[in-house]
Protein chains: 2
Amino acid sequence: MATVSALGYALLCALHRGPLTGYELVQRMRKPIGYYWTAQQSQIYPELARLSANGLIEHDAEAGPGPRQRKTHRLTAAGREALAGWLVEPPAPRAFRDETLLRTYALAAADPEGMREFYLAEAETYQRRLDAFQEQHADLLSRHADDPSHPQFGAYATLELALAGTPPRIRWCRWMAEQMAELARRREPSG
Amino acid sequence: MATVSALGYALLCALHRGPLTGYELVQRMRKPIGYYWTAQQSQIYPELARLSANGLIEHDAEAGPGPRQRKTHRLTAAGREALAGWLVEPPAPRAFRDETLLRTYALAAADPEGMREFYLAEAETYQRRLDAFQEQHADLLSRHADDPSHPQFGAYATLELALAGTPPRIRWCRWMAEQMAELARRREPSG
DNA sequence: ACCCCCATGTAAGGGGTTACATGATTTA
DNA sequence: TAAATCATGTAACCCCTTACATGGGGGT
């Protein structure tokens with residue numbers, strides 16, 4: 001019973017709705033799958049080989065356009081079982097790392113006007129991300145994915161969290177920009 | 001002009017309020033600094049040596065309790081300058097990875113009752129985290145760290161974001177638990 | 001001629017985690 | 001006597017990122 005890495009489970013997750021080739025998996029995992037997981041091509045191919053060796057996936061092979069075969073991967077019964085077991089396991093606590101928060105912690109060592117621009121730029125970044133999320137959310141809603149028995153409800157639900165979590169972050173960035181403006185005003189009262 | 005890693009800047013951030021020994025840095029970075037950055041002891045000591053070689057920090061050495069010297073590190077003028085420059089740089093986009101969201105994406109492959117328990121456990125985890133944040137927030141408030149010119153305003157501000165971002169996550173977990181209950185009810189209408 | 005898309009794979013290097021190692025002093 | 005604390009350092013391993021490599025087919 002070989003252990004499976006988080007990346008391995010990510011691939012099983014990506015395959016849970018139907019077979020995909022390695023190349024298709026690479027495409028999907030460039031844009032984050034479930035809006036919160038990415039992987040590189042150079043990770044994916046070796047991991048597919050490992051999952052296959054462990055009997056969690058299997059593939060059909062046909063002649064590809066290049067020098068190598070095109071393989072279409074799908075979950076085996078063992079793979080479906082391993083996935084179902086993992087899904088309900090409480091996740092091991094991961095270390096959060098957020099460079100913006102790290103900068104904020106040491107903010108006293110920075111120029112307030114520079115930090116004001118920093119937070120405004122952050123707010124814009126998150127605003128653009130929110131716009132993209134809203135677009136995809138609307139698309140899934142139009143396909144009635146808000147029904148928990150809909151096959152895409154999972155993807156819809158990840159967007160729900162993104163839509164709930166992003167606006168507070170944007171408000172915080174704007175609030176930080178104001179605080180920095182206030183600081184700059186105090187330090188140089190006459191300009 | 002050697003490049004400095006994110007970890008290197010994290011150490012400069014940790015040192016921005018005054019000198020610390022390697023051991024003290026290890027203690028602080030076990031619990032996340034700024035509530036969003038951690039590092040292991042085995043990373044910290046080599047990184048301190050690199051920062052020192054690059055002239056960004058320097059240290060006094062005295063006899064320690066064990067076989068090695070006790071070193072107290074502080075920022076140099078060059079270190080303070082490097083930190084101030086980095087603080088206002090827009091952060092390189094990092095890959096988010098969230099196992100909970102990954103599981104949610106593939107939720108259709110799981111048992112609804114198992115997932116309901118999963119989300120309830122998640123909600124409790126975040127609730128406990130929120131309680132701890134609120135305690136520290138109250139502590140910093142009692143020391144008037146909500147003033148942007150207060151030396152601890154940065155730490156206070158990181159807590160502000162945590163306090164704004166965590167409740168939506170808890171509400172989402174509870175909502176997911178309800179959705180899973182609804183799904184279970186539909187699949188087994190008579191129990 | 002050159003670049004992009006399909007399609008799969010390997011190599012090198014950085015960053016992070018877990019565990020090992022030393023050894024004196026304090027606490028149970 | 002056993003452990004925890006102080007204090008610094010090393011080794012092995014895994015994961016991830018960037019880049020290299022092959023080679024046919026289609027577009028400009």
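All chains are named by letter (A, B, ...) in the order of the sequence lines, taking the proteins before the strands, and each is independently numbered beginning at 1.
- Atoms CG (B:D60) and P (D:dA7) sit 15 Å apart, rounded to a whole Å.
- Between B:R97 and D:dT17 there is a side-chain polar atom (N or O) within less than 4.0 angstrom of OP1 or OP2.
- The stretch residues 29-58 of chain B participates, sequence neighbours left out, in these salt bridge (Lys or Arg N to Asp or Glu O under 4.0 Å) pairs: B:E47-B:R50, B:E58-B:R74.
- For B:E24, the CD atom is densely surrounded, since the number of other residues' heavy atoms within 6.0 Å is greater than 12.
- Take the nearest nucleotide of DNA chain D for B:Y45 and for A:L7: the residue whose nucleotide is more 5' is B:Y45.
- Taking a 4.0 Å limit (strictly below) on heavy-atom distances, residues 32-44 of chain A reaches DNA chain C at A:Q41, A:S42.
- Across the protein-nucleic acid pair, A:R68 atom CZ and D:dG25 atom P stand 17 Å apart, rounded to whole Å.
- Note: A:W175 and B:F153 have tilted aromatic rings, judged against thresholds of 30 and 60 degrees for the angle between ring planes.
- Contact check on B:E124 versus B:R128 returns a salt bridge, with a Lys/Arg side-chain nitrogen under 4.0 Å from an Asp/Glu carboxylate oxygen.
- A donor-acceptor contact under 3.5 angstrom links the side chains of B:E160 and B:Y156, judged on distance only.
- Here the range on DNA chain C touched by chain A, meaning any atom under 4.0 Å from one of its heavy atoms, is C:dC6 to C:dT17.
- In this structure A:H59 satisfies the ring pair (Phe, Tyr, Trp, His ring centres under 6.0 Å) test together with A:H73, sequence neighbours excluded.
- Taking every heavy atom of both residues into account, A:Y105 and B:C13 meet most closely at CE2-O, 3.9 Å.
- With no hydrogens or angles considered, a side-chain donor-acceptor pair links B:T104 and B:Y119 at under 3.5 Å.
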All N/O donor-acceptor pairs, side-chain side in residues 86-97 of chain A, below 3.5 Å, sequence neighbours left out:
from  : atom 1 : to    : atom 2 : distance (Å)
A:R97 : NE     : B:T38 : O      : 3.3
A:R97 : NH2    : B:T38 : O      : 2.9
A:R97 : NH2    : B:T38 : OG1    : 3.3

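- For the residue pair A:S149 / B:R186, a side-chain donor-acceptor distance below 3.5 Å is found, with atom types taken as modelled.
- Of the residues in residues 13-30 of chain B, not one comes within less than 4.0 Å of DNA chain C through any heavy atom.
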